[in-house]
2 protein chains.
Amino acid sequence: MKSTSDADLSADDSAETSTQQIRDAIRDAIVERRLSPGTKLSEGDVGNLFNVSRTLARAALQALSYEGLVSVEKNRGAFVAYPSPDEARQIFAARRLVEPGILREAAARITPSQIQHLRQLLLEEGRLMSERGQTARRAEIKASGDFHLMLAQISGNAIMQRFMEELVARSSLVIALYGQSTVSSCGHTEHGDIVAAIEHDDLDTACRLMVHHISHIEADLDLRERKSFGLKEAFAI
Amino acid sequence: MKSTSDADLSADDSAETSTQQIRDAIRDAIVERRLSPGTKLSEGDVGNLFNVSRTLARAALQALSYEGLVSVEKNRGAFVAYPSPDEARQIFAARRLVEPGILREAAARITPSQIQHLRQLLLEEGRLMSERGQTARRAEIKASGDFHLMLAQISGNAIMQRFMEELVARSSLVIALYGQSTVSSCGHTEHGDIVAAIEHDDLDTACRLMVHHISHIEADLDLRERKSFGLKEAFAI
DNA sequence: ATGCAGATAATCGTATACAATTTGACCCAC
DNA sequence: GTGGGTCAAATTGTATACGATTATCTGCAT
């Protein structure tokens, strides 16, 4: 799957504008956890980094704020989003709400070649899981999300696809913040089970597995409210 | 319900920035069909209209493009979105996919006072339906959408609420384009039926009614592909 | 030392300026 | 009259400029 999210559906002027490139670059950095929640993203710095003016940097940050990955505070600047536990719960609730429906749509339209593609994704995911090192970890995070995005793409509904892209990206942010164990190590086998259920045309099972899978990811988080814990974290980070 | 969509949840600096005001004003104009699909929204004109520079006008248009209400074409400018029949189908498919889930969540959390509020909305809707004139028609369009938005709000999931706001707004655009009869005249009684089912704790019926309701709205559209009809329309508009 | 007031620096908000691109008009050749 | 080509007007893309706000530092009074 391409790294840029909407490259397939937006048939605009072939060349992506620099604002979009910057947006995508920062988004990738956030999703792959090279940028931690709360990190300040000043317009000047972003502009310098990508050799553009503040105008374009600002536009990119604005775009990311619409996706919920960046929060801009008036007169204070933009920061990598720091989703609250409540927000995290809402993200997973939203996924439980939409993903079964997406799965049903996808299963109804899936072609053998797409199943093949899904299996390939699982293989890649498994390979990355056994590898060591930061780079592999980042790739694993992305691959794990790509499974869900692929289903959304197969469903054929561009609107739901875009929404899923937002939800998956924000999930990554939440896991970075509240995740306890290493990245959903259980996730991979669960993905495989879902594909198997799809192949057996057992949609009800597939949906049930999907809901459980999402709940498992959420269950691996520590979403307790840390009241004045912020200070310590400021040192830790 | 407040007219500005996210006034309740964004607890930012109390005062809305002028960009947001412009965005909301244009969005309202689109949703209430004072701006037709395809209308050009040049940055200069928008800026002059609201007495701000192109910078802010551009930001507002950019924001609307993320919501799917405006399409910006590189080096050509911004236009009120002109959703294709396929896009229209995807919008309603998305609504069928998410609204039952939202309804279930809402029903689980709804309070008597909120039911009261819903009924009040229905009353208002009925009143507007019997009135004559453009103003009433516009208000009816908004009220009809507010019913669905209210359910999303009651569901307590801000993410789904925002998504529904986008879907409802885009639906209005689609109806403006492809609607045949007057605004969903059947809609009002269907809304009432859904509320009744909620009150009777008959969730399955409520969801079924909701799906049918959405399909009814879609069925009232003429989504046949008009191939080279665009030219004639250019004259009609 | 602590706390507050003013100055200083850094950053954001908005407007304006200039380059690049598109659009439409006009003219000419055919 | 049609087709093509050049130029001018309008509009967008991007950078820069300047005022406004916030954050940081300094120094003085307590």
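Labels below follow one simple rule: chain letters A, B, ... track the order of the sequence lines, proteins then strands, and each chain is numbered from 1.
- The backbone N or O of A:Thr17 sits less than 3.5 Å from a side-chain atom of A:Gln20, completing a donor-acceptor pair.
- Look at B:Arg54 and B:Glu43 and you find a salt bridge, because one of the NZ, NE, NH1 or NH2 atoms lies within 4.0 Å of a carboxylate O, short of that distance.
- When atom types are taken as modelled, the side chain of A:Ser84 and the backbone of A:Glu87 share a donor-acceptor pair closer than 3.5 angstrom.
- To the nearest 0.5 Å, atom CD of residue A:Glu140 and atom CD of residue A:Glu124 are 10.5 Å apart.
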If you apply the rule side-chain contact (heavy atoms from CB on, under 4.5 Å), what do you find for B:Val174 with B:Phe92, and how did you get there? CA-CA 10 Å; B:Val174 166; B:Phe92 285 103; 3.9 Å; yes

Criterion side-chain contact (heavy atoms from CB on, under 4.5 Å) on A:Ser171 and A:Ile217, from CA distance to verdict: CA-CA 9 Å; A:Ser171 296; A:Ile217 300 175; over 6 Å; no

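- The side chain to side chain contact (heavy atoms under 4.5 Å, CB included) test with B:Leu61 singles out one residue from B:Leu69, B:Leu56, B:Ile22, B:Leu41, and that residue is B:Leu41.
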What string of B, S and - do you get for nucleotides 9-18 of chain C 5' to 3' if you count protein non-hydrogen atoms under 4.0 Å? --SBBSBBB-

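- One end of the helix from C:dA1-D:dT30 to C:dC30-D:dG1 points its axis 0° away from the other end's axis, with each axis taken from 5 pairs and the angle rounded to 10°.
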Test log, rule salt bridge (charged side-chain N to carboxylate O under 4.0 Å, His left out), inputs B:Arg170 and B:Glu166: CA-CA 6 Å; B:Arg170 294 176 77 169; B:Glu166 180 183 324; 3.1 Å; yes

What protein N or O atoms touch nucleotides 5-8 of chain C N or O atoms at under 3.5 angstrom, if any, and at what distances?
none

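- Ring orientation note: the planes of A:Phe163 and B:Phe163 are close to parallel, at an angle under 30° on the 30°/60° scale.
- Each of B:Glu165, B:Gln153, B:His191 was checked for a side-chain hydrogen bond (donor to acceptor under 3.5 Å, both in side chains) with B:His148, and the lone residue meeting it is B:His191.
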